[in-house]
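Values below: all heavy atoms of this structure, side chains included; hydrogens, waters and symmetry mates excluded.
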Amino acid sequence: QVRLVESGGGLVQAGGSLRLSCVGSGSIFRIYDMGWYRQAPGKQRELVATISSDGITSHLDSVKGRFTISRDNAKKLVYLQMNSLKPEDTGVYYCNADIVTNQFVRNDYWGQGTQVTVSS
């Protein structure tokens with residue numbers, strides 16, 4: 001059984017910061033790409049940032065310069081540092097990872113989501 005668990009969401013004023021964390025647990029042999037998605041009310045889920053296993057990153061244009069994705073491979077963690085938050089960053093943030101299990105089965109996994117609310 002593989003699990004991804006996010007933490008760090010909350011309510012913050014515009015201009016503030018939050019740091020999201022996501023940890024993998026269970027029968028994990030290897031983790032390839034990890035990423036953060038978000039879904040605002042009434043909108044489709046969108047990709048915010050990704051990071052490869054060797055640290056290559058990509059960020060959504062609207063968050064470049066404000067958000068930074070990073071990871072700790074030994075601890076099976078991925079982070080999203082969010083600075084200069086705007087009300088339009090509000091949504092549920094989901095962690096995603098491309099994982100090979102100890103049974104050598106490769107699948108895409110999702111966390112349960114963490115709410116980020118930015119007030120104006």
Kindly determine whether S27 and Q103 satisfy side chain to side chain donor-acceptor pair (under 3.5 Å), including the steps that lead there.
-> CA-CA 8 Å; S27 182; Q103 293 71 42; 3.1 Å; yes
Please assess Y93 against Q39 for the test side chain to side chain contact (heavy atoms under 4.5 Å, CB included), listing each intermediate value before the final yes or no.
-> CA-CA 7 Å; Y93 283 69; Q39 188 165 19; over 6 Å; no
Passes side chain to side chain contact (heavy atoms under 4.5 Å, CB included), V116 versus L18? Steps please.
-> CA-CA 9 Å; V116 171; L18 286 173; 3.9 Å; yes
Begin from the C-alpha positions of L47 and R38 and carry the test side chain to side chain contact (heavy atoms under 4.5 Å, CB included) through to its verdict.
-> CA-CA 7 Å; L47 176 61; R38 69 185 179 190; over 6 Å; no
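Qualifying ring pair (Phe, Tyr, Trp, His ring centres under 6.0 Å) partners for Y37, counting only residues two or more places apart in sequence or in other chains: W110.
Side-chain atoms of D33 and S52 include no donor-acceptor pair closer than 3.5 Å. Inspection of the Q115 and T117 side chains reveals an N or O donor paired with an N or O acceptor under 3.5 Å.
With a 4.5 Å cut-off on side-chain heavy atoms, I69 and Y79 do not count as touching. Between S53 and R71 there is a side-chain heavy-atom pair separated by less than 4.5 Å. V105 is not listed as a side-chain neighbour of V100, based on a closest heavy-atom distance of 4.5 Å or more. In this structure the side chain of L85 never reaches within 4.5 angstrom of the side chain of N83, judged on heavy atoms. At least one side-chain heavy atom of V78 sits less than 4.5 Å from a side-chain heavy atom of I51. For the pair T50 and T57, the minimum side-chain heavy-atom distance is 4.5 Å or more. No side-chain heavy atom of M34 sits less than 4.5 Å from a side-chain heavy atom of D98. You'll find the side chain of V2 stays beyond 4.5 Å of the side chain of N107, heavy atoms only.
Ring geometry for F29 versus F104: interplanar angle over 60°, hence perpendicular rather than tilted (30 to 60°).
Of all the heavy atoms in E6 and G113, the pair that sits closest is OE1-N, 2.9 Å. The minimum heavy-atom distance linking S21 with W36 is given by the pair O-CH2, 3.6 Å. Of all non-hydrogen atoms in L80 and A49, the two that sit nearest each other are CD1-CB, 4.3 Å. Closest of all the heavy-atom pairs between Q112 and V5 is OE1-CA, 3.7 Å. Among all heavy-atom pairs drawn from L4 and Y109, the shortest one is CD1-O, 3.4 Å. Nearest heavy-atom pair across A14 and P87 is CB-CD, 4.1 Å.
Placement of V92 and V63 in two distinct hydrophobic clusters is found when ILVMFWY residues are connected by side-chain heavy-atom separations under 4.5 Å, directly or transitively. Side-chain heavy atoms closer than 4.5 Å link hydrophobic residues (I, L, V, M, F, W, Y) into clusters, and following such links, even through other members, never connects L20 to L11. Y94 and F67 fall into different hydrophobic clusters, defined by Ile, Leu, Val, Met, Phe, Trp and Tyr side-chain heavy atoms under 4.5 Å apart, directly or through other members.
Looking at T90, its side chain does come within 3.5 Å of a backbone N or O of V118 through a donor-acceptor pair.
A distance of 13.0 Å separates NZ in K64 from CZ in R66, rounded to the nearest 0.5 Å.
Ion pairing of D89 with K86 is absent here, as no side-chain N (NZ or NE/NH1/NH2) approaches a carboxylate O to less than 4.0 Å.
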